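First listed ligand is number 1; within each ligand, the first listed atom is number 1. Here the structure is a predicted model, which is why all the values come from computation and not from measurement.
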Amino acid sequence: MLVVTNRPGDPTTFLDAVRRSVPPGGGLYLPQLEPVGADLDRLLALPFAERSAELLARFIGDEIPKDELRALVHDAFDFPVPLVPLPDGTSVLELFHGPTLAFKDFGARFLARILQWDARRAPASRPRTILTATSGDTGAAVAQAFFGLEGFRVAVLYPAGRVSPLQERQFATLGGNVRAFAVQGSFDDCQALVKGAFADEGLARRHGLTSANSINLARLLAQVAYYFEIAAGRRARDGAPAPVVCVPSGNFGNLCAGLLAARAGLPVRTFVLATNANTTVPEYLDGLAYRPRPSLATLSNAMDVGAPNNWERIEALFGGELRALRSALRWGSLTDDGTLEEIEALYRAGYLADPHTAVAHAVLCARLKPGESGVLLATAHPAKFGGVLRDALGVEVPLPPALAAAAARPLCAEPLGNDPRALAAALDGWS
Ligand SMILES: *Cc1c(COP(=O)(O)O)cnc(C)c1O
């Protein structure tokens, strides 16, 4: 059952919500998940992909036959999710072992397979176009997830010269059904072009325009599943108390998924949200006004969000009550200087962390109370931020094979003017 954040009791189906991405009347879709209850121990004993398939089948219901959903989840989640203990007693859930080396692979790969399943049932005469704006990681995950999928095209819009060279190679070298448009403008300009294209009804219909951004319900549910790996990885340690879980946050989709996992029965003591200098949410929880603002550029650039688009969902989970939010959560932020210090400290302790993971570790340690055990989510592979680590540590992080292969491919990005007519012409001219 789904509710819409600003209109409680307005249900729709899972597939409708995925196709639409946002409800026609405004607000966001928010799932109400049944608690797993007494089934938790059995679920935790299952391997990751199998458990995720069972969880997603419970959440989604019978809209997709169980065996088909199971095959699709196994195919999407075909990489490891290790829980790595650190010398200080905290543990790291590494979510960066997918093809583009960031946690966004979970959501993008699940979404791609759901849409593909849906398209097979009702084949369209023309391909559907996934249109997405990116500041780096989302474009890579979405482009790779839909690359080569029959019936789909991907158009990635990104600000020319403002994503890292390695990120660019991950989505602007694929060719085939993926086109990358280097827009003369900022990330906000790219997002405005995408919004404008969806608002142009004729264009949206001609190309079956579909969104893959982080408010899509399929991305959110895929992320709920991996939180259960925290409890599964700790099962061996009998009697261990429920952990405090720290989530490095930008648009707050990942934290929202964690809160949903807790409502579905995952044992968690509390969540800590960690941001970089983009402190819209920590300031609000500190008691200041909620003030969305333009983002600041930081070393943990995938969290450079000043107006987080999933915050509305988290507020809705707590009935919009600031007091309830403040008592259910802990929070903190870290500057770039603090991030560099934390990367060094973790390196000395034997762990190579990317800047996003370093922010989470520092904030977690600052918020843990005596006797509590802490887990943080690692959202990107350190090699993705090799430049930062080279400057901070003087070490070269070897590129994993997937990234080395991407780095060696020639770019095939196309320049695009910051103009809705240029985007419409590019889409209409796609043969
Ligand atoms: C997207 C991203 C985040 C932020 O996740 P949200 O769900 O937007 O809060 C954190 N770290 C990395 C590496 C990311 O790519």
Point to revise | Salt bridge Arg19-Glu63, side-chain N to carboxylate O under 4.0 Å | key: no

Practice item. For Asp78, enumerate each residue passing the salt bridge (Lys or Arg N to Asp or Glu O under 4.0 Å) test, keeping only those at least two apart in sequence or located in another chain. Key: Arg109

Exercise for review: Give a yes or no on whether a salt bridge exists between Arg70 and Glu54, defined as a side-chain N under 4.0 angstrom from a carboxylate O.
Suggested key: no

Exercise for review: Write out the protein residues near ligand 1, meaning a non-hydrogen atom under 4.0 Å from one of its atoms, in order of chain and number.
Suggested key: Phe103, Lys104, Asp137, Pro248, Ser249, Gly250, Asn251, Phe252, Gly253, Asn254, Ala302, Met303, His356, Thr379, Ala380

Exercise for review: For Asp336 and Asn276, test the side chains for any donor-to-acceptor distance below 3.5 angstrom and give the result as yes or no.
Suggested key: no

Point to revise | Heavy-atom closest pair, residues Ala231 and Pro267 | key: CB-CD, 4.3 Å

Review point. Any idea how Phe110 and Phe77 line up, ring-wise: parallel (<30°), tilted (30 to 60°), or perpendicular (>60°)?
Key: tilted

